Engineer: 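Dropping the structure in here first, questions after.
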Amino acid sequence: MESTLKGKEQVKLDFIPLDFDYLDLDGKCHIRMFGRTSENKRCCVLDTTDAYFWLFPRAGIDLKKYAEKVAKISLEHASRIAKVEKVEIKDKHFLGNPIKALQVFVSNPKDIAVIKDIAKTFHETLEKKETDINFVTRYIIDKNVKPLEWVHVEGRELNQYIEVPFDVDTDIVVMADEIKPTQEHELKLNFLAFDIESTEFEIGKGEIVMISLADHNFHKVLTWKKYSNAPEEVEFVKDEAELIEKFMKIIHERKPDFLVGYFSDGFDLPYLRARAEQNHIKLDLGLDKSNLSFSRGIMPSAKITGRVHIDLYRFVNNIFAYTLQSPTISLNDVAKELIGEEKLEIDLGHITKELRSTHGKIKDAEMRRFSLYNLQDAVLTSKLFLKLWNNLAELTKVVSEPLFEVSRARYAYLVENNILHNLKRFNEIAASRPLGEEIGERREREKYIGAFVKEPRPDVYEKVAVFDFRSFWPSIIVSFNISMPTLLEKKESGGYETPEFEFDGKKRKFYFQKQEGFIPRILKELLEKRKETKAEFKRNPSPVLEAKDYALKTLANATYGYFGFFGARYYSPECGASITAISRYYIHKTIDEIEKFGFEVIYSDTDSVMFALGNKTEKDAKEILEKINKTLPGTMELELENFYVRGIFVMTKKGETGAKKKYALLAKDGNIKIRGFEAVRRDRCDLAKETQDVVLKKVLEEGKADNALAYVIKILKEVREKKAPIEKLIIRTKLKKAIESYEARGPHVVVAEKMLEQGLPVKAGSLIEYVIAKGNSKERIRERAKLPDEVEKGGYDIDYYIEHQIVPAVETIFAVFGITKEQIIEGKKQKNLGEF
DNA sequence: CTGTTCTGCTTACC
DNA sequence: ACTGGTAAGCAGAACTT
């Protein structure tokens with residue numbers, strides 16, 4: 001439907017939508033998009049689409065009469081008339097089944113909530129649907145205008161203030177008459193990364209001292225704290241008020257499409273808002289001079305009209321962290337891993353303390369360093385944005401939700417929206433989001449049986465082969481047509497069935513329909529797209545294709561977990577349990593086949609099988625792989641992961657069984673793959689981790705343990721002689737929740753309390769560092785846990801580090817070679833005797 | 001009072 | 001509150017005799 005707003009001239013342009021919102025114009029709700037034209041002009045495009053929801057009628061009622069009744073709904077709401085515009089009877093599908101439904105068109109999407117409440121009171125109404133679809137999502141789906149996908153727009157240029165009641169800072173404002181997908185143009189990334197420094201951590205306390213801004217060629221530091229010999233990027237201002245004004249001025253002048261921060265939802269922007277309020281400054285950062293606004297919720301999102309505010313921390317935390325090795329997702333660790341650069345080192349505690357005090361003294365050199373530190377944070381954020389841009393963009397394109405949402409989304413949101421944005425072509429009405437009560441029940445539900453993990457026999461194995469299933473969960477979902485809408489009560493001819501397994505305490509089997517369901521279909525297309533992307537990448541490698549593959553892989557892998565997620569529209573623990581039951585069946589079958597062939601299967605976890613070649617060859621292994629693949633259904637496929645020179649599996653610490661999820665393999669190229677061992681865990685001190693790492697390397701490379709034992713004895717001797725550096729003895733544990741909510745007061749909780757007392761910033765998510773200092777060994781460990789700074793050289797608890805850190809990390813490895821814990825420790829005693 | 005078992009917690013694997 | 005289940009192992013709490 002066309003807008004009544006007239007406008008002056010007809011215009012045609014190609015446009016890429018970056019940011020979306022909606023507002024009432026001329027009595028009608030319009031979508032407002034901000035983006036760039038193919039000529040790199042800043043552009044605002046207005047458009048409209050129908051606002052509607054669905055009603056399902058009870059059986060046997062007169063549809064026409066029902067429709068007429070619904071069409072009469074009208075009430076006063078939010079000082080306007082909320083009413084139903086029209087009602088149409090449509091043939092639709094719901095959960096794959098045909099259904100007659102009323103499409104209820106309303107005058108304004110904001111009125112859907114009140115109108116559906118009235119319609120629900122009608123006895124004819126069975127259910128309401130799609131009342132929880134955001135209007136922007138509705139627009140994207142119905143008008144086929146997707147975020148970051150170029151469209152051709154034909155429409156009328158509007159005069160701001162005259163025809164529209166707003167003034168946005170763009171080169172052109174267009175009311176679209178026609179809008180359709182078009183060929184791709186280049187998008188020049190126009191962004192600005194920023195970082196603020198304050199005297200306090202807590203929002204509402206202290207003040208802003210400094211703000212840095214950066215992109216690929218612009219570096220700027222603003223501060224009111226004057227000092228001489230400042231770097232050229234530094235600009236001094238009068239006070240905090242001028243600092244904030246200047247920051248806004250730069251943004252309005254440079255007109256970034258993307259404003260990028262690191263933890264800016266959680267700190268920089270809330271802090272900035274608090275200080276702007278205190279200084280009576282309007283934070284009109286929006287393209288329409290509107291204020292910075294925050295969404296409600298546990299983790300507020302800071303929104304700026306017309307510019308996409310991206311908090312990279314959230315993207316890294318929610319999505320990208322799984323791809324990283326970084327011990328934490330701090331800017332420093334993430335930047336180090338992704339761009340090979342780190343934050344500058346400064347004594348921030350000292351500087352902020354001096355700045356807080358009225359008589360505080362800071363040397364010019366220190367302020368200079370502080371400015372460079374602040375700038376470096378903005379620069380790292382800017383580089384990280386460029387590094388992660390392709391990932392963000394490709395994920396946005398696959399999911400079809402706006403970049404602002406996708407950059408803050410978690411896996412469930414991505415999977416669900418990918419489904420929602422594909423429903424139209426199946427003529428499907430979306431299932432509803434669960435309500436509070438339902439969520440509660442789902443969360444309390446007992447869990448279903450997961451994947452199979454085989455107990456390994458502890459030993460050192462020569463010539464190890466590893467097979468694994470390619471995209472195991474997605475391939476099962478697709479091959480067995482698994483999803484909530486395709487789940488059947490009874491077996492259907494030509495349909496699919498699971499093996500028998502225990503579910504909710506009963507022996508059960510689940511069945512899935514023969515006709516392909518829309519969710520398995522969408523997933524299948526995702527996998528096919530991934531295959532194409534990979535093939536294309538082979539021909540023509542590019543970071544964009546790599547990012548696209550990453551987006552497709554991420555979504556495909558998260559689909560299984562989505563089925564069991566309590567907040568899912570298409571929630572189905574039956575499906576989750578069916579997928580794992582099928583996985584167990586096929587992994588067992590694979591193990592059996594390999595054993596039947598005469599190999600010793602060492603270990604298996606979920607989708608992988610490891611076995612020793614023994615006196616057989618790699619060719620034999622490949623042969624059986626091919627044989628197994630011929631028996632697999634659908635798209636399921638077993639792949640050769642690699643052949644390894646040697647591998648080690650150990651006992652659990654209790655010494656009764658072989659430890660699962662703990663092993664190390666030596667590849668032919670000399671690389672060692674370590675899984676589960678303390679060496680790869682964060683909550684062990686570096687000395688224990690490094691010692692274990694060396695021990696694993698030595699035993700795998702040499703096939704025996706004598707050199708490794710000598711090495712450990714040497715390390716233990718150094719520890720006894722107080723020669724171990726404190727940095728290597730720091731234990732790092734994450735505080736996963738607020739301090740008050742801990743029942744058990746472990747060492748890290750006690751240290752966190754101590755840090756809080758000292759005014760250090762500790763909250764849920766903080767990584768707590770501590771060292772166990774010497775003291776009364778009868779006391780609890782937490783009594784001896786101290787902040788690293790509090791422990792002087794050699795002041796650590798020798799026995800703790802030997803008995804609780806180093807020896808436990810290596811004893812199970814030596815046990816494989818028949819070396820006991822006593823022998824490891826006695827070695828130390830012998831050396832000591834030799835010294836006297 | 002002391003040793004054992006249970007529970008809470010964190011972090012890994014897939 | 002924000003994808004699932006499986007598993008190891010530490011430290012403290014609870015329990016037992």
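All chains are named by letter (A, B, ...) in the order of the sequence lines, taking the proteins before the strands, and each is independently numbered beginning at 1. On a predicted model such as this, the values are computed, not experimentally measured, just so you know.
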Engineer: Once you apply a heavy-atom cut-off of 4.0 Å, does A:Pro573 come out as touching a base, just sugar-phosphate, or nothing?
Structural biologist: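 Contact class for A:Pro573: none.
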Engineer: Check every strand shown and say whether A:Arg684 touches a base, only sugar-phosphate, or nothing at a heavy-atom separation below 4.0 Å.
Structural biologist: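 Sugar-phosphate, no base atom in range.
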Engineer: Reading DNA chain C in the 5' to 3' direction, which nucleotide is the first one with an atom under 4.0 Å from a heavy atom of chain A, and which is the last?
Structural biologist: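 Extent of the interface on DNA chain C: C:dA1 to C:dA13.
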Engineer: Determine the contact category for A:Lys660: base if any of its heavy atoms lies under 4.0 Å from a base atom, sugar-phosphate if only primed atoms, P, OP1 or OP2 are that close, otherwise nothing.
Structural biologist: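 It contacts sugar-phosphate atoms only.
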Engineer: Which letter, B, S or -, goes with each nucleotide of nucleotides 5-14 of chain B from 5' to 3', with contact meaning a protein heavy atom under 4.0 Å?
Structural biologist: ---SSBBSBS
Engineer: Does A:Arg410 pair with A:Glu416 as a salt bridge, N-O distance under 4.0 Å?
Structural biologist: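 Between A:Glu416 and A:Arg410 there is no salt bridge, as every charged N stays at least 4.0 Å from the carboxylate O atoms.
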Engineer: For A:Val453, report the nucleic acid contact type (base, sugar-phosphate, nothing); a contact means any heavy atom under 4.0 Å.
Structural biologist: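 If one applies the 4.0 Å heavy-atom cut-off, A:Val453 turns out to touch the sugar-phosphate alone, with no base involved.
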Engineer: Does a salt bridge link A:Arg445 with A:Asp504, judged by any charged N lying under 4.0 Å from a carboxylate O?
Structural biologist: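 Between A:Asp504 and A:Arg445 there is a salt bridge, with a charged N closer than 4.0 Å to a carboxylate O.
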Engineer: Indicate whether the side chain of A:Thr323 and that of A:Tyr550 have a donor and an acceptor atom separated by less than 3.5 Å.
Structural biologist: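 There is such a pair (donor and acceptor under 3.5 Å, judged by atom type) between the side chains of A:Thr323 and A:Tyr550.
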Engineer: Looking across every strand, which nucleic acid part, if any, lies under 4.0 Å from A:Ile449 by heavy atom: base, sugar-phosphate, or nothing?
Structural biologist: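 Answer is sugar-phosphate: A:Ile449 comes under 4.0 Å of backbone atoms only.
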Engineer: Taking A:Arg521 first and then A:Glu525, would you say they form a salt bridge - that is, a charged N and a carboxylate O separated by under 4.0 Å?
Structural biologist: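 A salt bridge is present here (some side-chain N lies under 4.0 Å from a carboxylate O).
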Engineer: If you measure from the Lys or Arg side-chain nitrogens to the Asp or Glu carboxylate oxygens, is any gap between A:Lys734 and A:Asp683 under 4.0 Å?
Structural biologist: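 No, no charged N to carboxylate O under 4.0 Å.
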Engineer: Tell me which residues in residues 476-485 of chain A lie within less than 4.0 Å of DNA chain B, going by non-hydrogen atoms.
Structural biologist: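 Residues of residues 476-485 of chain A under 4.0 Å from DNA chain B: none.
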Engineer: Look at A:Arg470 together with A:Glu637 and state whether they make a salt bridge at an N to O cut-off of under 4.0 Å.
Structural biologist: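 The answer is yes: the pair qualifies as a salt bridge.
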Engineer: For the residue pair A:Lys737 and A:Tyr742, would you count it as a cation-pi contact if the rule is NZ or CZ under 6.0 angstrom from the ring centre and within 45 degrees of the ring axis?
Structural biologist: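 Here A:Lys737 passes the 6.0 Å and 45° test against A:Tyr742.
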Engineer: What's the separation between atom CZ in A:Phe817 and atom CD1 in A:Ile648, rounded to the nearest 0.5 Å?
Structural biologist: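 CD1 of A:Ile648 is found 4.5 Å from CZ of A:Phe817.
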Engineer: Using the ring of A:Phe404 (Phe, Tyr or Trp, six-membered ring only), decide whether A:Arg408 places NZ or CZ under 6.0 Å from its centre and within 45 degrees of its axis.
Structural biologist: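 That pair qualifies as a cation-pi contact.
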Engineer: Base, sugar-phosphate, or nothing: which does A:Tyr413 touch, judged by heavy atoms less than 4.0 Å apart?
Structural biologist: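 A:Tyr413: no heavy atom of the nucleic acid under 4.0 Å.
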Engineer: Taking the six-membered ring of A:Phe566 (Phe, Tyr or Trp), confirm whether the NZ or CZ of A:Arg443 is under 6.0 Å from its centre and within 45° of its axis.
Structural biologist: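 The answer is yes; both the distance and angle limits are met.
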Engineer: Hey, is the main chain of A:Ile768 close enough, under 3.5 Å, to the side chain of A:Ser766 for a donor-acceptor pair?
Structural biologist: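 Not confirmed, A:Ser766 side chain does not pair with A:Ile768 backbone.
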